[in-house]
Structures are given as C-alpha cells and as structure tokens.
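Data block below; observations after.
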Amino acid sequence: VHRYYSKDLDYDPVHDFFVLNLGGVFWLYRYEERTASVETASGGGVAFRLSSSSPSSEGVDLTFNLPRQQALDAAIFNVSGERVATLSAGRWPQGAHSLHWNGDESGHLAPSGLYFARLETGGRTITRKFTLLR
C-alpha cells in the first residue's frame with residue numbers, strides 16, 4: 001500500500017523510499033541523517049547539516065559551523081539544477097549558525113519535490129538533499 005503525498009511524489013513504506021516522477025523520469029530517494037564536513041584550506045573544518053526532518057512540508061532548517069570568519073554562499077537548488085533561492089551571500093563570523101527556507105519565494109510556494117541545499121565556502125562546496133512536501 002502506497003501513501004500518496006502529491007501527484008508526483010509517492011512513498012513506498014515496504015522498501016522505505018520515495019519515488020519522484022518528474023516528467024516521466026523517476027528519482028528514488030531514501031532519507032539518511034548525515035552531517036557533512038569538509039576541511040578548508042586553512043585546516044579548519046566546516047560542518048553543514050539538515051537540522052529538520054526530511055521530508056517536510058514546513059521547509060528545511062540548516063545548520064553550519066565556521067572555524068573562522070569567512071565568506072559563504074548558501075542556496076537552494078531544484079532537481080533541474082536551477083537556483084530557486086539564495087539564503088545567504090556574504091561574510092559570516094566564526095561559530096554556529098542556522099538558516100531556514102520554507103519554500104516561499106515572493107509569495108509563491110515551491111512545489112513538492114527533491115531539493116538540494118548547497119553551502120560554498122573556503123573554496124569548498126557541501127550539498128545536502130531534502131524533500132519538500134505540499
């Protein structure tokens with residue numbers, strides 16, 4: 001028995017994965033809680049993770065920890081690789097930080113689907129997948 005979330009996104013509880021149909025191209029997605037961390041050129045680590053559940057209808061909460069003040073670009077992309085939101089661009093101080101994206105761009109809600117949160121800093125890029133349900 002499948003539980004339907006939208007006309008394009010289904011969940012298979014037997015195999016514990018989501019099936020996303022994008023114009024006849026099927027994407028299989030299984031959620032895993034992981035923290036991504038990369039070493040910057042100066043040797044300090046940058047941690048970036050989803051701190052909210054996925055899938056979610058409320059959007060996504062992202063946390064990151066910077067070892068020093070540095071410039072970063074944080075953005076959300078759809079499965080077609082299009083930037084749908086810029087969360088931050090500029091310099092951030094050292095320490096722990098959080099960002100939230102609720103799928104609202106200028107009064108228009110982003111549709112259900114698979115999205116990617118991307119953090120670029122210190123010449124490195126970290127990407128996290130999440131599913132938005134409406």
Side-chain angles (χ1 to χ4, degrees):
V1 175
H2 292 279
R3 181 173 174 196
Y4 294 96
Y5 287 96
S6 77
K7 67 179 185 170
D8 298 325
L9 183 69
D10 296 330
Y11 177 68
D12 181 345
V14 174
H15 299 100
D16 188 32
F17 63 80
F18 288 88
V19 179
L20 179 63
N21 179 359
L22 291 174
V25 176
F26 292 88
W27 295 77
L28 303 180
Y29 172 71
R30 178 173 287 133
Y31 174 73
E32 293 180 24
E33 181 68 33
R34 293 186 294 177
T35 299
S37 180
V38 297
E39 292 297 313
T40 61
S42 66
V46 175
F48 180 53
R49 71 180 216 97
L50 297 175
S51 56
S52 57
S53 64
S54 177
S56 172
S57 61
E58 303 298 319
V60 64
D61 292 311
L62 305 161
T63 59
F64 58 97
N65 192 16
L66 300 176
R68 68 184 191 297
Q69 179 183 357
Q70 58 196 85
L72 67 83
D73 178 56
I76 304 294
F77 292 82
N78 63 22
V79 294
S80 299
E82 300 167 317
R83 182 184 289 243
V84 296
T86 298
L87 303 178
S88 177
R91 295 194 69 78
W92 283 70
Q94 174 184 2
H97 305 281
S98 62
L99 296 169
H100 177 78
W101 181 66
N102 65 1
D104 185 3
E105 292 298 313
S106 305
H108 303 287
L109 292 178
S112 295
L114 183 62
Y115 290 88
F116 300 90
R118 186 182 77 189
L119 179 78
E120 291 185 17
T121 186
R124 310 295 173 132
T125 301
I126 309 170
T127 304
R128 309 301 310 142
K129 291 190 287 192
F130 67 94
T131 303
L132 184 65
L133 299 177
R134 295 285 180 210

Please report the shortest heavy-atom distance between [X] and [Y], naming the atom on each side.
X    : Y    : result
A117 : F130 : N-CE2, 3.9 Å
R83  : A75  : NH1-CB, 3.3 Å
A74  : L119 : CB-CD1, 4.1 Å
P111 : L132 : O-CD2, 3.9 Å

Point-to-point distance, once rounded to the nearest 0.5 Å, from CD of Q69 to CZ of R91: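 Separation between the atoms: 4.5 Å.
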When rounded to the nearest 0.5 angstrom, what is the spacing between CG in L72 and NE2 in H97?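 If we round to the nearest 0.5 Å, L72:CG and H97:NE2 are 8.0 Å apart.
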Judged by atom type as modelled, is there a donor-acceptor pair below 3.5 Å linking the side chain of T131 to the main-chain atoms of G113?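 A pair under 3.5 Å: no.
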Side-chain donor-acceptor contacts of residues 57-66 below 3.5 Å, not counting sequence neighbours, with atom names and distances?
from: D61; atom 1: OD1; to: H100; atom 2: ND1; distance (Å): 2.5
from: N65; atom 1: OD1; to: A96; atom 2: N; distance (Å): 3.3

Taking only residues at least two apart or on different chains, which pairs with a member in residues 71-91 satisfy ring-ring contact (aromatic ring centres under 6.0 Å, His included)?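 Pairs touching residues 71-91 that pass the test: none.
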Taking the side chain as C-beta and beyond, is there a heavy-atom pair between R118 and D73 under 4.5 Å?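 The answer is yes; the side chains approach within 4.5 Å.
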Can you check side chain to side chain contact (heavy atoms under 4.5 Å, CB included) on F116 and V79, steps first, answer last? CA-CA 7 Å; F116 300 90; V79 294; 4.0 Å; yes
